[in-house]
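Written out below as structure tokens is the structure these notes cover.
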Amino acid sequence: MDEHANDRPRAGIDRRGFLAAAGLTAAGAALAAAGTPARAVARPVTAAGTFRVPIEDVRHTRTWMAWPDSTAIWGGKLSGVQSDIALIARTIAKYEPVYLCANSAGAARARSLCGPTVTVLTSIPVDDCWMRDTGPVFRTDGAGGLDAVGLNFNGWGNRQTHAKDALVAGRIAAYAGVPFSTAGLVGEGGAVEQDGAGTLMATRSSLVNANRNPGKSEAQIEAALRTAYGASKVIWFDGVRGQDITDDHVDATSRFLAPGRALVQMPLSTDTDVYAKDARQQYQILSTATTASGARITADKLQGPDYYRIRSADPNFLASYANYYVCNGAVISAHFGDTRADGAAVATLTRLFPGRVVERLDIDRLGTGGGGIHCVTQQQPAP
């Protein structure tokens with residue numbers, strides 16, 4: 001074990017912080033000053049009824065993604081990030097249709113890098129690539145019905161320009177031809193995990209936060225979450241506040257595998273940073289938690305890499321195996337250059353997802369933005 005393991009630069013302050021500094025343009029600053037998130041105009045959610053957000057491994061109609069083209073946000077990293085987005089899109093397109101939202105000015109490059117298997121749309125303009133947070137949350141009713149809910153994206157607490165991204169959820173729902181509603185809270189899809197059977201897990205640091213939901217109590221936010229997702233229970237984690245632009249999204253650490261089954265990416269035993277402590281707390285909470293139906297949850301461990309053995313030395317880098325994406329017939333994951341940990345991660349994912357191909361991608365450029373594969377994808381489940 002590395003003698004400096006306790007001192008490793010583990011995705012420190014502002015894990016995606018350069019995005020906030022570069023991307024909060026005059027429009028974003030005006031929104032922040034006003035304290036009012038831009039949002040699609042739609043009817044509010046009144047009741048979930050029989051609609052519920054299914055777990056990710058159900059059959060998908062398509063995957064939604066977004067094409068980044070802003071040098072104001074990405075600077076000199078943009079070309080590499082675009083290459084990683086294209087790689088993810090092409091890989092998923094081997095298993096299910098991929099629809100990529102792009103601005104007109106960036107569409108030609110998107111089509112060139114993604115190739116003919118990916119559908120590039122210019123009718124839904126975007127600010128950035130984080131479709132998990134900006135896209136709609138699709139729900140099914142088990143009887144052939146499909147609708148979508150928008151989480152009122154506000155640039156992770158008005159930290160980044162988002163005038164276009166705030167409208168993406170409603171515009172995708174309109175393109176898909178499904179009813180659209182807005183949730184009774186401000187949040188992002190990456191801050192919430194669902195088991196498809198009534199149980200959610202979420203981070204307080206992201207959602208019970210004045211930069212998203214000022215004046216709202218945890219109980220009020222939980223009620224809005226349950227209504228939006230068609231759930232009856234939320235398992236809360238404290239999370240990590242103010243250390244990255246997302247305030248610690250749950251999908252980089254803990255995921256549902258099935259009702260009553262979860263997975264947590266664990267740090268090295270010698271890691272002592274705030275994210276390591278947060279991961280251990282999430283595992284402890286899940287190990288004693290129950291589902292909405294009262295069943296005990298079994299929590300599997302997914303060992304994270306040694307940050308001194310990965311390829312990237314960027315202090316903002318996120319090396320999350322847990323930020324995988326499940327599509328039709330495959331699990332799309334990442335490798336980071338720690339050979340032992342990379343191999344163990346693919347073995348774990350292969351065991352946990354029998355019958356699916358585990359694709360491992362080098363997305364190091366995207367990782368310097370503090371996100372991963374799950375962060376840039378959003379599934380549209382089959383009705």
Side-chain angles (χ1 to χ4, degrees), residues 37-56 58-67 89 92 96-102 119 121-142 144-156 162-194 196 200 202 206-207 212 224-231 246 249-251 325-327 371 374-383:
R39 64 180 64 182
V41 177
R43 60 181 175 83
V45 172
T46 54
T50 58
F51 280 90
R52 176 177 288 172
V53 180
I55 198 165
E56 193 169 296
V58 300
R59 190 77 181 168
H60 299 173
T61 298
R62 62 178 63 91
T63 293
W64 289 91
M65 296 183 65
W67 186 253
I92 297 172
E96 65 184 60
V98 174
Y99 280 43
L100 183 76
C101 301
T119 300
L121 301 176
T122 58
S123 57
I124 304 175
V126 298
D127 293 299
D128 207 349
C129 61
W130 309 106
M131 184 59 79
R132 179 63 48 182
D133 295 348
T134 63
V137 178
F138 287 97
R139 309 186 304 183
T140 58
D141 66 356
L146 180 72
D147 74 358
V149 175
L151 298 180
N152 304 307
F153 180 71
N154 78 337
W156 308 284
H162 56 278
K164 297 174 184 175
D165 280 346
L167 302 176
V168 164
R171 287 171 170 169
I172 286 178
Y175 185 94
V178 300
F180 177 71
S181 356
T182 54
L185 78 158
V186 172
E188 305 92 39
V192 185
E193 266 285 305
Q194 73 281 348
L200 307 177
S206 282
L207 298 175
R212 270 84 153 186
L225 269 182
R226 288 190 279 106
T227 298
Y229 278 75
T246 73
H249 278 174
V250 72
D251 69 346
Y325 177 63
V326 182
C327 62
H374 195 251
C375 298
V376 298
T377 52
Q378 182 66 262
Q379 66 273 8
Q380 180 179 331

Side chain T246, main chain W156, donor-acceptor under 3.5 Å: no
Backbone of D127 reached by a side-chain donor or acceptor of D165 within 3.5 Å: yes
Just to verify, what does [X] make a side-chain hydrogen bond (donor to acceptor under 3.5 Å, both in side chains) with, not counting sequence neighbours?
X    : result
T134 : none
Y99  : none
W67  : none

[atom1] of [X] to [atom2] of [Y]: how many Å apart, nearest 0.5 Å?
X    : Y    : atom1 : atom2 : result
D133 : D251 : CG    : CG    : 7.5 Å
M131 : I172 : CE    : CD1   : 3.5 Å
T63  : Q378 : OG1   : CD    : 9.0 Å
R171 : K164 : CZ    : NZ    : 9.5 Å
L200 : R226 : CG    : CZ    : 9.0 Å

Short side-chain donor-acceptor distance under 3.5 Å, R132 and Q379: yes
What heavy-atom pair brings [X] and [Y] nearest, and what distance separates the two atoms?
X    : Y    : result
V192 : V250 : N-CG1, 3.7 Å
S123 : Y175 : OG-CD1, 4.3 Å
E96  : C327 : OE1-CB, 3.1 Å
G135 : A169 : C-CB, 3.9 Å

Aromatic ring pairing H374/Y325, orientation class (parallel under 30°, perpendicular over 60°, tilted between): tilted
Qualifying salt bridge (Lys or Arg N to Asp or Glu O under 4.0 Å) pairs, either residue in residues 180-193, two or more places apart: E188-R212, E193-R255
With sequence neighbours excluded, residues passing side chain to side chain contact (heavy atoms under 4.5 Å, CB included) with A382: R59, T61
Partners passing side chain to side chain contact (heavy atoms under 4.5 Å, CB included) against L146 (at least two apart in sequence or in another chain): F138, T140, V178, Q380, P381, P383
Given V376, L121, L100, the one that forms side chain to side chain contact (heavy atoms under 4.5 Å, CB included) with W64: L121
